[in-house]
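Step one of this worksheet: look at the structure below.
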Amino acid sequence: MNETSPIKKQKQLFASVRNEKTHVQVELQLKSAILEGHYQPGDKLPTERELCELFQASRSSVREALRALENAGLVTKRTGKYGGTYVNAANTGPLISGFKDMLQLGQLSLEHLRQARLVVEPSVAYEAAQNASDEEIEGLKTLHNRHKACLLEGQVESYYDQSLHIALAEITQNPVLVLIMKVFNDIHDQRIQHIEMDEETKQVLIRQHAAIVEQIAARNPSAAAQAMREHIDGIQTELARLEAEPAATK
């Protein structure tokens, strides 16, 4: 193999590994290479044979390391003509799955969710009001109007509700906040899937979202943050009331 071959160039990324936990070291080095951007989403990792050469490791160790990366959602194995191990795009699945497990075990409540949202979402609304472009504001208005229509027509409305909150996080251009918002949305959906909103709750939700969008459109950060606080407190109060009602009527 000549000095300019792709596999030769990648040798500087890795160190050979020689101990009883070889597969762990292979996994950690490959994970670091992915997270540091040496391999981008869609890139194909070196073959198993090439990885064995790079790490001076056995094929079984390499396979175990790749299996761990696949289980973590960082890579996907493909077969066929274009087979190999490919780097995934950002994947929130494992993180969300962990929160779902906590939810099913009864370790997450509506109050836990309210407290966490109050820490994050008012700041997101504040920054969105500071930085939103005219186009982004129009996008927020469109999402709100579609959400409102779904609520009033009795259709499934969670898509536009979630999309509005994610759109606010995307305005910040902070991928961590976008990820957190997706996790919040997923937990929220799972937590309230057994609760049916009545007309009173629907009207509260419509008013609260309208107030948030209005203050962001007015580019008033403090008022936008306050509107978000009132939304989180208000909707969680409504949902807690609806959740308690069936028990109260028994």
Side-chain angles (χ1 to χ4, degrees), residues 1-105 107-108 116 120 124 158-159 162-163 165-167 169-191:
M1 193 174 290
N2 61 55
E3 290 294 322
T4 59
S5 67
I7 189 65
K8 199 72 175 180
K9 291 180 180 179
Q10 293 174 84
K11 280 192 173 180
Q12 61 186 333
L13 290 177
F14 309 117
S16 62
V17 290
R18 294 180 182 279
N19 68 27
E20 69 279 5
K21 294 184 179 179
T22 299
H23 67 279
V24 175
Q25 293 195 37
V26 172
E27 176 195 348
L28 291 176
Q29 290 194 51
L30 284 172
K31 182 185 292 186
S32 293
I34 293 169
L35 297 179
E36 291 171 6
H38 297 292
Y39 296 106
Q40 296 295 317
D43 284 353
K44 184 179 179 181
L45 293 182
T47 66
E48 288 183 2
R49 181 183 61 79
E50 291 169 337
L51 289 172
C52 289
E53 178 185 340
L54 286 167
F55 290 108
Q56 294 295 294
S58 68
R59 180 157 289 193
S60 63
S61 293
V62 167
R63 285 178 177 172
E64 192 167 352
L66 291 175
R67 186 160 50 246
L69 293 175
E70 187 173 23
N71 291 338
L74 289 175
V75 302
T76 297
K77 281 192 174 183
R78 301 178 192 169
T79 58
K81 183 179 180 181
Y82 299 103
T85 303
Y86 291 82
V87 177
N88 289 333
N91 180 11
T92 65
L95 179 60
I96 290 174
S97 178
F99 279 109
K100 284 183 178 178
D101 290 342
M102 291 176 65
L103 186 63
Q104 291 172 352
L105 290 169
Q107 296 174 338
L108 289 178
V120 176
V124 169
S158 61
Y159 172 80
Q162 292 183 5
S163 296
H165 285 268
I166 291 172
E170 288 175 340
I171 291 172
T172 70
Q173 298 185 6
N174 186 324
V176 175
L177 291 175
V178 174
L179 172 60
I180 291 172
M181 201 64 62
K182 289 178 179 178
V183 171
F184 281 170
N185 282 340
D186 199 82
I187 297 172
H188 188 267
D189 248 17
Q190 292 290 320
R191 185 64 186 80

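For the numbers below, each heavy atom of this structure counts, side chains included, while hydrogens, waters and symmetry mates do not.
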Would you call Arg63 and Glu48 a salt bridge, taking side-chain N to carboxylate O under 4.0 Å as the test? yes
Less than 4.5 Å apart, side chain to side chain, heavy atoms only: is that true for Leu54 and Pro46? yes
At their closest point, which heavy atom of Ala65 faces which heavy atom of Glu27, and how far apart are they? CB-N, 3.6 Å
Give me the atom names and distance for the closest heavy-atom approach of Met181 to Val124. CE-CG2, 4.1 Å
To the nearest 0.5 angstrom, please state how far the CG atom of Leu179 sits from the CG atom of Asn174. 10.0 Å
Kindly give the heavy-atom pair with the smallest separation between Gln56 and Glu53, and that separation in Å. NE2-O, 2.9 Å
Report yes or no: does Lys44 contribute a side-chain atom to a donor-acceptor pair with the main-chain N or O of Gly83 at less than 3.5 Å? yes
Pairwise side-chain contact, Lys31 with Leu35, heavy-atom cut-off 4.5 Å (strictly under): yes
Spacing of Phe184 atom CZ and His165 atom NE2 [to the nearest 0.5 Å]: 11.0 Å
Is there a side-chain contact between Leu45 and Tyr86, using heavy atoms and a 4.5 Å cut-off? no
To the nearest 0.5 Å, what is the distance between CG on Leu69 and CZ on Arg67? 11.0 Å
Closer than 3.5 angstrom, by distance alone: can the side chain of Ser32 be matched with the main-chain N or O of Leu28 as a donor-acceptor pair? yes
Using a 3.5 Å distance criterion without hydrogens, assess whether the side chain of Asp43 forms a donor-acceptor pair with backbone atoms of Val87. no
What verdict does the side-chain contact (heavy atoms from CB on, under 4.5 Å) test give for Leu30 and Leu51, after you've listed the backbone C-alpha separation in whole Å, the side-chain angles of each residue and the deciding distance to 0.1 Å? CA-CA 10 Å; Leu30 284 172; Leu51 289 172; 4.0 Å; yes
Thr76 OG1 to Asn88 CG distance, which is reported to the nearest 0.5 Å: 3.0 Å
Minimal heavy-atom distance between Ala57 and Val62, with the atoms involved, is CB-CG2, 4.4 Å
Contact between Leu66 and Val26 at the side-chain level, heavy atoms closer than 4.5 Å - yes or no? no
